[in-house]
Amino acid sequence: MLADHLPALQVALPLLTAPLVILLRTGFLAWLVALLASLCSLGLAMLLTATVLETGTQHYAVGGWLPPMGIGLTVDGLSALVLLLITGASSLALAGGRLSLRKDIDNRRAPMFYGAWLISMAGLCGIAVAGDAFNVFVFMEISALATYVLIAGGRDRRALSAVFKYLIIGTIGATFYLIGVGFLYMMTGTLNFADIALRLDEVTETRPIVIAAGFITIGLALKAAIFPLHVWLPRAYTYAPNAATVFIAACSTKVVIYVLLRFNFEVFHGNLPGHTDLFGVFIIPLALAGIVLASAIAIFQTNLKTMLAFSSVAQIGYIALAAGLTSEAGLMAALLHMFNHALAKGTLFLCVVAFVLTSGSASMDSLRGIGKRMPWTMAAFLVAGLSLVGVPGTAGFISKWYLVVAVIGWDGWGAALVAAIVISSLMAVVYLWRFVELAYYSEPPGGEVVPMEVSRPLRCLIWFAALANIYFGLFPQLPLALARSGTETLLGGLF
Amino acid sequence: MPEYTLPLMLLLPLLGAIVIAFSGRWPNIREAVSLVTAVSLAILVFSWFPAISDGARPQITLSEPLPGLSLALSLEPLGMMFACIASFLWIINTIYSIGYMRGNREKNQTRFYVCFALAIAAAMGIALADNLFTLFLFYEILTLSTYPLVAHKGDAKTIASARIYLGVLLATSIGLLLPAIIWTYVIAGTTDFTVGGIIEGKLEGAAVGLLLGLFVFGIGKAAVMPMHRWLPAAMVAPTPVSALLHAVAVVKAGVFSVTKIIIYIFGVDFLFSQPSAQWLQYMAAFTIITASVVALYQTNLKRMLAYSTIAQLSYVIMATVILKPLAEIGAAVHIAAHAFGKITLFFAAGAIYTASHKTELWQLAGIGRRMPITMAAFTIGALSMIGVPPTAGFVSKWFILAGAFQAENYLAIFTIIASTALNAMYFLPIIYFAWLSPPATGVDMDHGEAPGAILLALSVTAGLTILFFFFNQPLLDLEGQLVESLPL
Amino acid sequence: MKFLGLFNYWVFAILLVIGLYALITKHNLVKKIMALAIFQSAVFLFFITMSKIEGGTAPIVQAGVSGQVFSNPLPQVLILTAIVVGISTTALGLAIVVRLYEEYGTIEDDEILALDRKA
Amino acid sequence: MTTLLIGVFLLLLLVITAVAIVRSTDLFSGVMLSGIFSLLMALNFFLLDAADVALTEAAVGAGVATVLLLAGLKLTPSTEARARPVRPIAIIVVAIIALLMIYASFGQPSLGDPTAPAQTHVAPWYIENTPELVDIPNIVTAVLASYRGYDTLGEVFVVLTAGIGVMFLLGGGRGKPFSRLHTDPPQGLSHYLIPKVIARMLAPFILLFALFIQFHGEYSPGGGFQAGAIFVAGMILYALVRGEDKALAVIPPHVLLWMSAGGALLYGSVGLLGIAMGGQFLEYSVLADNPVTGQHIGIIVIELGVGLTVTGVLLSIFHAFAARD
């Protein structure tokens, strides 16, 4: 019986656990309950994925009111992919981040923190299953507010200034999105995605629709940190508690991109003349600039977390570039890269958790010689780093492959785009290798090599994540199937 | 032989690496494990030799990450030969390494043996690759696993050189080779190595030359100029690593890949008909002559050997692009011949360093009297480089020249003759002064021979260089198939 | 008449950009929060304008009265939610400002940035 | 026509107020102007037939937001550092946005057009079917609590998250709650006679009004959220007059925490109950034999949940600000 309610439970379970968590008395208990809820959500997401792959898209009418009157939930391959990312990243970060979070968050405030964590996760899940444009706004705000709380938990005072900036930009982005939804409602009289797409055809006057597309795209681009709207991201990632960064970096921008794709392909694509070209013209130059410039900036960072954050901006550029091609291969590449980048970045930040746990800081200087002190963690970092670069045999390669194949097929500027991708991949090698050299071939601060590896469970977890990068590089059937099904739904309107 | 033994060739050194990593505390066990792994790998590889000679072509697919893009292994004559060379020389190199690493009291020996085993696993993967994707995968693993070996010393200068090593190899492979592979995949729909090639009819005109360029320069390990910078830079590595780079795995993997791509991706016939692909032989000729001239001006023994290698690699490239049956055999044989000769030379250089810490050419005057065995081996290696009978180098040069005459390719003929002269000009003086000159003033000559393990290793390879001249029939039979199987 | 009928939308646009302008140019964090409120209020106006129907009344059914025209309830519902979201954001933002002031001794974002750079 | 002109007048006032807020360098007057802005906005909403929204905007924008801003200003400097030069580039950018939107507006249906797409698709269905399906007079409440009850669940959690965030940042909730509770000088305005008397008289009525709004939401404008906001306004008035500690004695922090969490849980469990009783998540029709009765039960309970959470959270936030030095 419960199997029919999976889409609703996916959101309700973590959401309703959160109020319980804030009532708990100790940080440990709160952490434990949050972890369990997160793992259960992961289980639900897996069940849902299996169901979607078996029987196709799932529809759910909340409250028993059929959409467009009530709010509909829609879970297809794309949603399933994003759900797996969210719940997986959350579970990984919570499981691996206990000690680190215990250092960052004092026991008294910890229940609040874990409550916010669960709400953030539930909000992201809510976005992923939503079939209603306004519902997306509500859950975007839930997750955004909760994410601000998570980031504000950082020990450094700069976390506060970073989170304030994020709050302002995030709110502007969400409000832009809301304006766009308003224009759409004005011209179609409905809020349901599928229904909007259906009724857009009948709208003869397109001026408000174009404005709506503009507001929605720019608003979401702000929240997704597409270059040059990324200014909030590096500091937010850097000063957030390390474990929270694992979670946020792996999925929060991806979910926004998911909405961006949903809107631009399911709603506008095919209904708005010239939209496809306009979308490409708008997004591709920005994506390219992001890919190249953010990679270049990453090279000069002195803090490991900031470096990885700028790398994220570049990687978001890849996703945007692939989506901007508006081709089937391009979308496949975008969706795959969402998955693979989350995997790699999650692992990298998890290693950062371990590094900071033992050496106290994420600045490059304090991490000198860390490869000798923490050989296991550093090796995992290396594996995930290679996946980030796109070395074959790792997950990152699969999406880069799709990306380059898609780009070559794009008429006109294919070669230039390939060149940009290649250059930024090489820059990724440079910034990663700068750290690898530092970790392996320079003397640790204090001169002596003291083995100070983290606890065995954390090490196992890190390696579990690192091996997942390899597993999905050799056997990418699952993300491929989900990405393919997602591409089909996104382009459904076209063919 | 069942097909599942193919992945075993990768797993065996991999397993060895793991066991070595965990036995780091007991050096004797560690090195015994290295040796045992090397020997069993060689046995495994060689046991396939007869079957492949008889025309068997085992193939096994491990996974298919993307449609038309699989992780698959297969064994064909060219790969068989490369696998044999790499696995066999690994044994000898291990023996040598034990002597060298202990003799020089190197640090981080466990890391050395682990990375070495990983590099061999990668080399096996390259030898067995059934398609470009698999080749690329192991090519990158080889680069990454040899980086710690090159950077072994860990001081600032070494790191800087290792950075060049890694930078050039990764940049060329990601920047040129990968786009070339993807391009091939896009136009041909597959990247499988296929007899007769897969490009024909899919690509024409200047694009063929461009694709060939992406491949050749993308495979930086083949060290065609101007992508050769990494090889002299990598001379900072310990000598067994240089041997690994120059003879056992790395550069061999480079020319092996180029040869394999020309034969199985482009197809010899197709390439022969494409004027736009002709630039490669000029490039190869240029590299041969230039590298030889540069070698002439070197004062450091290992750097001189490095430039010699660059020239010898382009021999293989040039032989391949002569695009005639005899030349193809010559190319394949030259991979083997050069391996034996060059490893001998490096072993000798390492022996000299271990025994006397001499690295410069002028210090070698008169050293033959102190280290007769070493210098005898060195002489044999040098003669093989020049191509003097009865050494291995003569056999391959003979085939290449025959192929060049068959094709009436005067550029190739001239290049081979000129470079032979140049080789003689930089090797013969060393041999002469080492045996016949008194020591230079201020150079200590109070040392004897290197440790036994080192001597054993270099005697074996020197002996093989000679033996190869007399007993090369099995290899010729094997590579003869390459030609028969080619529609020439 | 057409112009008068669109006047609400123009005011929405103007309020929106007034808020946006202040958000971009003002350095005082409390001022930014006020600007954010104006910015969001503009959107509320936009939606509620949409819900109005000529001659309509608030969508509350009165017993015994029939034939009434009701204005559209849906945008009103959406804006009820949006108002709540807005106040929640304001509260959280203010809490962050208070903490920032405690840590930095200023609520001007350029001064905070300067202090960050120094660190 | 008259209402239209009044509307135009109000809108112009809105713009002027907004400009004044932006230009004022004294943050206190900025806060006051913001309150006026919200009131004007609420009046406008009222003119546009949005009674519920007007009530909410008045309670939240003019009431709660003003109190929060004042509480925030108490803890931070109250003037902007210095006047800054106008930035021409920013003006150009925002002017372009405004012009684009005004340009687009000519493609939009004008105010009050009954044939606009927005009025012809989903909305009429709500108006036609609510009497039969949900049977409560206030269609806004029906949409809010039932048809789009899932959004409202989200809304409650937005409020809860804000509460969590403020308590996380400024303290509160469980444990050592607020940094300053018992200080020697008498707090609040209790030493002024007139406010004291007025507040004493007013507070019970405000609280009573809140309860009315809470439980009369189906019939007239109002509901859990507005009720919560008004209840909080009453409590804040009480706190201002009698002092923080007295207000906290009436509803201690841990009770506020329980209210916040409990309200959200109450709402959520109604949703889960729907599943347990064989319906969909948040389906109230299955809660009783008669679907319409089920809807009534569901709406009353979730409105209660909303009211609890809003009260708990807003009061916690207020105390968290007020208790800080």
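Sequence lines set the chain letters: A, B, ... in the order given, protein chains first and strands last, and positions in each chain run from 1.
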Answer with side chain, backbone, both or neither: which region of [X] has an atom nearer than 4.5 Å to a non-hydrogen atom of chain B?
{"X": "V404(A)", "answer": "both"}
{"X": "V430(A)", "answer": "neither"}
{"X": "L474(A)", "answer": "both"}
{"X": "L386(A)", "answer": "side chain"}
{"X": "V391(A)", "answer": "side chain"}
{"X": "F472(A)", "answer": "neither"}
{"X": "Y440(A)", "answer": "neither"}

Ring centers of F310(A), Y431(A) separated by less than 6.0 Å:
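When the ring centroids of F310(A) and Y431(A) are compared, they turn out to be at least 6.0 Å apart.
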
For H152(B), run the side chain to side chain contact (heavy atoms under 4.5 Å, CB included) check against V241(B), N108(B), V236(B) and tell me which one passes.
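When V241(B), N108(B), V236(B) are each tested with H152(B), the side chain to side chain contact (heavy atoms under 4.5 Å, CB included) holds only for N108(B).
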
Which pairs pass ring-ring contact (aromatic ring centres under 6.0 Å, His included) with one or both residues in residues 313-333 of chain A, sequence neighbours excluded?
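Qualifying pairs: Y318(A)-H337(A).
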
For K153(B), is the NZ atom crowded, meaning more than 12 foreign heavy atoms sit under 6.0 Å from it?
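Check fails, neighbour count at 12 or below.
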
Main-chain N/O of [Y] paired to [X] side chain as donor or acceptor, under 3.5 Å:
{"X": "S327(A)", "Y": "G330(A)", "answer": "yes"}
{"X": "R434(A)", "Y": "I299(A)", "answer": "yes"}
{"X": "W463(A)", "Y": "W376(A)", "answer": "yes"}
{"X": "Q477(A)", "Y": "E64(B)", "answer": "yes"}
{"X": "R30(B)", "Y": "R25(B)", "answer": "no"}
{"X": "N469(A)", "Y": "A384(A)", "answer": "no"}
{"X": "K345(A)", "Y": "L308(A)", "answer": "yes"}
{"X": "T487(A)", "Y": "A483(A)", "answer": "yes"}

D155(B), L69(B), V186(B): which one forms the most heavy-atom pairs within less than 4.5 Å of chain A?
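Most heavy-atom pairs under 4.5 Å with chain A: L69(B).
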
Hydrogens and angles aside, do S257(B) and K221(B) bring a side-chain donor and acceptor to less than 3.5 Å of each other?
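Result is no, nothing qualifies.
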
If contact means a heavy atom pair closer than 4.5 Å, which residues of residues 133-148 of chain B contact chain A?
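Listed by number: F133(B), F136(B), L137(B), E140(B), L144(B), Y147(B), P148(B).
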
Tell me the residues of residues 172-183 of chain B whose non-hydrogen atoms fall below 4.5 Å from those of chain A, in number order.
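Residues of residues 172-183 of chain B touching chain A at under 4.5 Å: I174(B), G175(B), L178(B), P179(B), I181(B), I182(B), W183(B).
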
Considering residues at least two apart in sequence or located in another chain, which fulfil the ring-ring contact (aromatic ring centres under 6.0 Å, His included) criterion with W230(B)?
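ring-ring contact (aromatic ring centres under 6.0 Å, His included) list for W230(B), sorted by chain: Y165(B).
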
Heavy-atom proximity to chain A below 4.5 Å, by part of A151(B)
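It is both, since atoms from each part get that close.
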
